[in-house]
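Report on the structure given below.
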2 protein chains.
Amino acid sequence: MSDALSRFRDSWAHLRPDLDLSSMEAIGRVLRLAALMHHITDTALTDAEVTRPEFEVLAALRRSPHGLRPRQLTRETVSSSAATTKRLTRLEQAGLITRTPHHRDRREIQVTLTDRGAQLAEELFTGQLQRESELLTPLDPDERAQLAHLLQRVLTPIDRA
Amino acid sequence: MSDALSRFRDSWAHLRPDLDLSSMEAIGRVLRLAALMHHITDTALTDAEVTRPEFEVLAALRRSPHGLRPRQLTRETVSSSAATTKRLTRLEQAGLITRTPHHRDRREIQVTLTDRGAQLAEELFTGQLQRESELLTPLDPDERAQLAHLLQRVLTPIDRA
DNA sequence: CTACAATAATTTACTTGTGAACTACTTGTG
DNA sequence: CACAAGTAGTTCACAAGTAAATTATTGTAG
């Protein structure tokens, strides 16, 4: 009946009855579920051609019809620009993306998937979808939609910033 | 009205109408919200005595009355045992925890907080609570409880394993 | 024009995390 | 009781991440 966070909440409630713990039950579970999902994905990709963060780059590119610039990729993957450069260098050497300098503003470069990169992105994405829906089996379709909607309400103001 | 994941879903729906994308809206947002929360916490802790992963160790110890063994800490923080050893070494040198060998089974060691460690854990935890509740301002108390409950339903079977 | 701020991507120096040995100890089995 | 198998924690070699400096380019104010 109870998960790790229920126990955490009880412990803190006993320790510090003065604190308002209502938010930790939701956010704490978000953090924990994300960590577990990352773990699941990492092990699923151990023998894959790319790592999870590299896959996230490929996926971001696949869903963007005209490719993306590195700056946009760092924002979409919520990481540092240095990490993006490293991943792009690696993915370029693997023949999964191409970097072409922008002719209008030569500070910018355009990153696009190669055919092989696009194919791999879709292949790994379907696997990802499968793992995600497996995780959600305790919820019926209506509850999944509820969960998605509540999280959207939380994320909308942040994603705009 | 729409966040990043709504756009992601639309792009994939256009690209691959054959796939069932219902689970990505919930899990994708969980992953994204966790990444953003980590970012927020990291910047909040830049001038703190410990990093975010180190804080997670302190928090886990604070809510466990008798301390924990490294193995349990790696499970609670969802990371590798090597990472735990490094963090414990660092926290011990900083005078925030102590490692005492178990006399019954000398393979095991017991990790406990020092007084200063316990105080720091609580101090940082209240800050964490504040940031978390700030993130949830778009939801009213009833909706927060709904969100927490849905996530609990998802996590309960996984946390048992 | 020139100089100077702003922006994009990368490089550098360093920190942190990981999987795979390795050490130390305990337990179960013949 | 010996000894193979199992378990806990650590170490090691390396991979991946970051902040801050660097390079290259564009916009803008005088």
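Numbers restart at 1 for each chain; the letters A, B, ... are given by sequence-line order, proteins then strands. Because the structure is predicted, anything quoted here is derived from the model rather than measured.
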Could you check whether the side chain of A:R106 and the base of D:dT25 have a donor-acceptor pair of N or O atoms closer than 3.5 Å, going by distance alone?
no

Approximate separation, where rounding is to 0.5 Å, of B:L19 CG and B:R9 CZ
14.0 Å

Just the table, please: protein N/O against nucleotides 21-23 of chain C N/O, every pair under 3.5 Å.
none

Do any of residues 31-64 of chain B sit with a heavy atom less than 4.0 Å from DNA chain C, and if so which?
B:P53

Just the rounded figure in Å: distance from P of D:dT10 to CZ of B:R90.
16 Å

Can you name the atoms? Protein N/O to nucleotides 10-12 of chain C N/O, anything below 3.5 Å, with the distance.
unit_1 : atom_1 : unit_2 : atom_2 : d
C:dT10 : OP1    : A:R99  : NH1    : 2.7
C:dT10 : OP2    : A:T85  : OG1    : 3.3
C:dT10 : OP2    : A:R99  : NH1    : 3.3

Residues at least two apart in sequence or cross-chain that pass salt bridge (Lys or Arg N to Asp or Glu O under 4.0 Å) with B:D47, listed by chain then number, are none

In the structure I gave you, are the side-chain heavy atoms of A:L61 and A:L73 within less than 4.5 Å of one another anywhere?
yes

Check A:H102, A:R71, A:R99 against A:I109 for a side chain to side chain contact (heavy atoms under 4.5 Å, CB included) and give me the one that passes.
A:R99

B:H102 atom NE2 is separated from D:dA8 atom P, nearest whole Å, by 12 Å

For B:D10, all residues meeting salt bridge (Lys or Arg N to Asp or Glu O under 4.0 Å), sequence neighbours excluded:
none

What do the steps show when you test B:L147 against B:L151 for side-chain contact (heavy atoms from CB on, under 4.5 Å), and what is the final call?
CA-CA 6 Å; B:L147 176 58; B:L151 290 169; 3.9 Å; yes

For a 4.5 angstrom cut-off between non-hydrogen side-chain atoms, does A:M37 reach A:L135?
yes

Does any non-hydrogen side-chain atom of B:S133 lie less than 4.5 Å from one of B:R144?
yes

May I ask you to say whether B:D159 pairs ionically with A:R32, meaning some side-chain N is under 4.0 Å from a carboxylate O?
yes

Rounded distance in Å - CZ (A:R107) to P (D:dT25):
10 Å

In terms of the nearest nucleotide of DNA chain D, which residue is placed more toward the 5' end: A:S79 or A:D105?
A:S79

Does any part of the side chain of A:F125, heavy atoms only, come nearer than 4.5 Å to the side chain of A:R63, both counted from C-beta?
no

Is it the case that the side chain of A:T114 and the backbone of A:L96 share a donor-acceptor pair, with hydrogens and angles ignored and the cut-off at 3.5 Å?
yes

Just the rounded figure in Å: distance from C1' of D:dA8 to CG of B:L68.
15 Å

Under-4.0 Å side-chain N/O to phosphate OP1/OP2 contact, A:R87 with D:dG17
yes

Please state how far atom CD1 in A:I97 lies from atom P in C:dA9, giving the value in whole angstrom units.
12 Å

Between A:R87 and A:S79, is there a side-chain donor-acceptor contact under 3.5 Å, judged purely by atom types and distance?
yes

Kindly indicate, with the supporting measurements, whether the criterion side-chain contact (heavy atoms from CB on, under 4.5 Å) is fulfilled by A:S6 and A:R29.
CA-CA 9 Å; A:S6 299; A:R29 287 192 176 102; 3.1 Å; yes

Can you tell me if CG on B:D140 sees more than 12 non-hydrogen neighbours from other groups inside 6.0 Å?
yes

Considering only side-chain heavy atoms of A:S80, which listed nucleotide, C:dT26, D:dA19, C:dG17, is closest?
D:dA19

Return the value, rounded to whole Å, for the distance between atom CG of A:L73 and atom C1' of D:dG17.
17 Å

Quick one: stems for DNA chain C, with Watson-Crick or G-U pairs under 3.5 Å, at least three in a row?
C:1-30 with D:1-30

